[in-house]
Every structure is written in C-alpha cells, then in structure tokens.
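This report concerns only the one structure given below.
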Amino acid sequence: MSILKLIAPCKDYLWGGNRLREEYGKKMNSDKIAESWELSCHKDGQSVIEGGEFDGKTLSEYIDAKGKGILGTNCERFEYFPILIKLIDAKDNLSVQVHPSNEYALRVEGEYGKTEMWYIVDCNEGAELLYGFKHEIGEEEFAERIKNNTLLEVTNNVPVHKGDVFFIESGTLHAIGKGILIAEIQQNSNTTYRIYDYGRVGADGKPRQLHIDKAVEVTDRIPPKYPTTAQGVPEKVEGGVKTLLRSCEYFNVNKLEIDGAMKLNADEKSFKSLLFLDGEAEIVSADGKAKAVKGDSFFVPAGSGEFTVSGKCEVILSDII
C-alpha cells in the first residue's frame, strides 16, 4: 500500500524521561527514552517500515528501491532526504546549544545545518525553555561568559504552554527546559554544538563534550528573531480544523484536529508525513487502509493521490513546499 507505517528508532539521552514509552508506545531496552525519531533517513537512526512488502526495511531502503521521485518534485533541490521529525521528552533540562548554518555545517561537518520548529505537545506548569538572548552581546563577552559560567545571566527564558510554536533558525541559542514534551520538525542533520551542560557527566562518568569554539563562530548573539508562537489562524475544513504551524524553505507543518473524515492529497510535489499526537483514526487510500493511534507515524509517497483520515485525533502533517 502507498501508506507506510514507520517504527521510530529511540535515543536514551541522560535528560530523557519515560512518557514516550508509557504514553506513546515507544520501545527501547533502556531506563529512559529521550527521543523517538519518527521520520528519519539519517545514518544515526533510521525509520523502519512495519507491514507490507517492505516490512523490516528502512525508509531509506524503500526510497532507494522506488526512486527519489516518491519524495516529490519539491524535494529535487535537496541532495538527500530533507527533514527529520522527532518526539522529545525532556524530564530534565537539555544542554544550552546551537546549530550551524548549511554553509558552515557542509564545510565543517559534511552535512546540512539545522533549522528546526518545536510544537509544545505538553508541558508541566511553569515550564520554560531558553530561546536566544535578552539583548545583543559581543563575541568577546559571549566567550567570556561561557568560560566563567555566567552565560545564563543574559539568555532569554520563555514560559511555555501546550500548543506553543517556536521557530529555531540555525545560529539561534536554545535549550528545551525540563518538563516539556515536544514534536520537532527539523532539517535532516544531527550536528549540535553544546555550550553549557550544567556540569553533568555521561554514562562514562566524564563531563559531556562541549563545542565552544565552533559555537562562538556560528551563534547569532541577538534576541530571538521570531515570535514565540508563530502559528497561523485555525481554519475550519471538512472533517475538522487545520492550522499552519510553520512554513519555511526546509519544511511545511500543519496541525490537523480531526473530528470526522478529513480528505488529504499526496500530489506529485511532495510526500506527506503524519504524526499522531492523540486519539485514534483510520487512514484509507486507493491502495489500502491502516489503523492509527497516539504515537503512530506514517509516510505517504508523493503521487499517491487522495487519502482520508477518519476518526477523532490530533495530527502533525509535514511536507515540503
């Protein structure tokens, strides 16, 4: 069938919790699950197809077999699969970090840089995240504050609420705070420069690696460029409500609140990614149908045509424009 259910590789980073296991059905032989990579063709963690002719194969293997045309004409400008989608459960604070631009990352790391979007799926009362600086600072001050552990005196902490949207352009200093569950849509990259990590140590008992010199080179030392909630106006459509969360040169993301039957279309321009955040549904296309529950992720190849999602659910729909 043209609708592929994906099994996500998971990561057990030290700041993670257990909500992805307990509430979203993720599986991993570890004490905690920090991230599940819901749509991934990255070498550090590949989505695996469940069911059908390609059962047990990676999404990358499926694309190799079918040809890059199934990604759509809007993806032709990218050298490789353009995006990576995650669920992130931050039981503790993530490190203060930054991602490089395409130009820098391709030159230094051999892969794309990373611009990303966060949708706050859920959060504890009073939860905050770090998003840029309170005011502009110079490079010398930035380096000195990293050295003497006073960087957090000038960073911008933002209270978060369920449903908030943050656009994290490459070069933006950021950190997810404890008690936040996020759906992240990002460029297909795993390059992160860690600047401050609260003095924590890894599984080997040693402090985790910092990347200060590179971070100083790539960080925009200014307040955030974008409003904290950058989503569009909810639009009533047949079968529910559709809200544009963010559209940029790398990805296009909508939230679907479905109560009934909503018709969607995977035309020749782009594949569709469906990440179910809540509820239950049935997906029906000309080639077959599939059941979906909270935590499920599906890939619909470009050119598959119309399909319908029926039920009561909340879905993150991602594609390329």
Side-chain angles (χ1 to χ4, degrees), residues 11 13 15 34-35 37 40 42-45 77-86 88 90 93-118 128-158 165-177 182 184-200 202 207-228 230 246 248-251:
K11 306 293 181 180
Y13 306 133
W15 43 260
E35 297 182 353
W37 291 17
S40 175
H42 197 280
K43 60 181 176 61
D44 293 339
R77 67 183 186 271
F78 299 105
E79 184 177 347
Y80 47 86
F81 195 79
I83 61 173
L84 198 164
I85 297 177
K86 304 175 181 177
I88 301 175
N93 293 321
L94 273 71
S95 61
V96 179
Q97 57 191 244
V98 69
H99 306 303
S101 66
N102 285 339
E103 184 279 326
Y104 187 96
L106 287 169
R107 174 167 51 85
V108 176
E109 308 293 348
E111 69 171 0
Y112 287 140
K114 192 194 294 188
T115 285
E116 58 196 21
M117 188 212 85
W118 294 342
E128 295 184 335
L129 55 77
L130 187 156
Y131 186 41
F133 292 88
K134 293 177 183 177
H135 53 78
E136 185 171 357
I137 66 171
E139 182 176 318
E140 185 176 335
E141 180 183 353
F142 183 38
E144 182 60 29
R145 285 187 176 277
I146 294 171
K147 183 179 178 180
N148 63 26
N149 289 322
T150 63
L151 180 63
L152 299 187
E153 293 179 5
V154 293
T155 54
N156 181 45
N157 292 334
V158 183
V165 176
F166 293 82
F167 186 61
I168 315 294
E169 192 175 41
S170 62
T172 303
L173 196 74
H174 62 277
I176 303 171
I182 279 176
E184 178 179 273
I185 295 83
Q186 58 161 90
Q187 287 180 266
N188 185 9
S189 171
N190 199 29
T191 296
T192 296
Y193 297 149
R194 191 181 296 127
I195 301 168
Y196 177 73
D197 197 37
Y198 308 95
R200 293 181 294 204
R208 296 202 297 168
Q209 183 182 7
L210 301 180
H211 313 91
I212 294 171
D213 290 343
K214 290 179 179 179
V216 170
E217 286 190 278
V218 305
T219 301
D220 293 329
R221 302 174 308 279
I222 56 177
K225 297 179 183 178
Y226 301 97
T228 55
R246 188 72 201 190
C248 69
E249 62 182 306
Y250 305 115
F251 46 74

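The structure presented is a predicted model; accordingly, all values stated were derived computationally and were not measured. For reference, positions follow the sequence shown, starting with 1. What's counted below: heavy atoms across the whole structure, side chains too, no hydrogens, waters or symmetry copies.
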Thr192/His99 under side-chain contact (heavy atoms from CB on, under 4.5 Å): CA gap, chis, key distance, verdict: CA-CA 5 Å; Thr192 296; His99 306 303; 3.0 Å; yes
Audit row: Tyr80, Phe78, ring-ring contact (aromatic ring centres under 6.0 Å, His included) steps and yes/no: CA-CA 5 Å; Tyr80 47 86; Phe78 299 105; 8.8 Å; no
Salt bridge (Lys or Arg N to Asp or Glu O under 4.0 Å) between Glu116 and Lys86, worked out: CA-CA 11 Å; Glu116 58 196 21; Lys86 304 175 181 177; over 6 Å; no
Over 12 foreign heavy atoms within 6.0 Å of CG, Asp213: no
Worked check of side-chain contact (heavy atoms from CB on, under 4.5 Å) between Ile146 and Tyr196: CA-CA 7 Å; Ile146 294 171; Tyr196 177 73; over 6 Å; no
Minimum side-chain heavy-atom gap Asn93-Leu130 below 4.5 Å: no
Pair Tyr250-Tyr112, ring-ring contact (aromatic ring centres under 6.0 Å, His included): steps then yes or no: CA-CA 11 Å; Tyr250 305 115; Tyr112 287 140; 7.8 Å; no
Whether Phe142 and Phe133 hold their rings parallel, tilted or perpendicular, with breakpoints at 30° and 60°: perpendicular
Tyr193 and His211 aromatic ring geometry - parallel, tilted or perpendicular at 30°/60° bounds: tilted
Distance-only side-chain donor-acceptor flag, Glu111 / His42, under 3.5 Å: yes
Matching residue for Leu173 among Asn156, Ile222, Thr155 - test: side-chain contact (heavy atoms from CB on, under 4.5 Å): Thr155
Salt bridge Arg77-Glu249, side-chain N to carboxylate O under 4.0 Å: no
Side chain proximity check, Asn188 to Pro82, heavy atoms < 4.5 angstrom: no
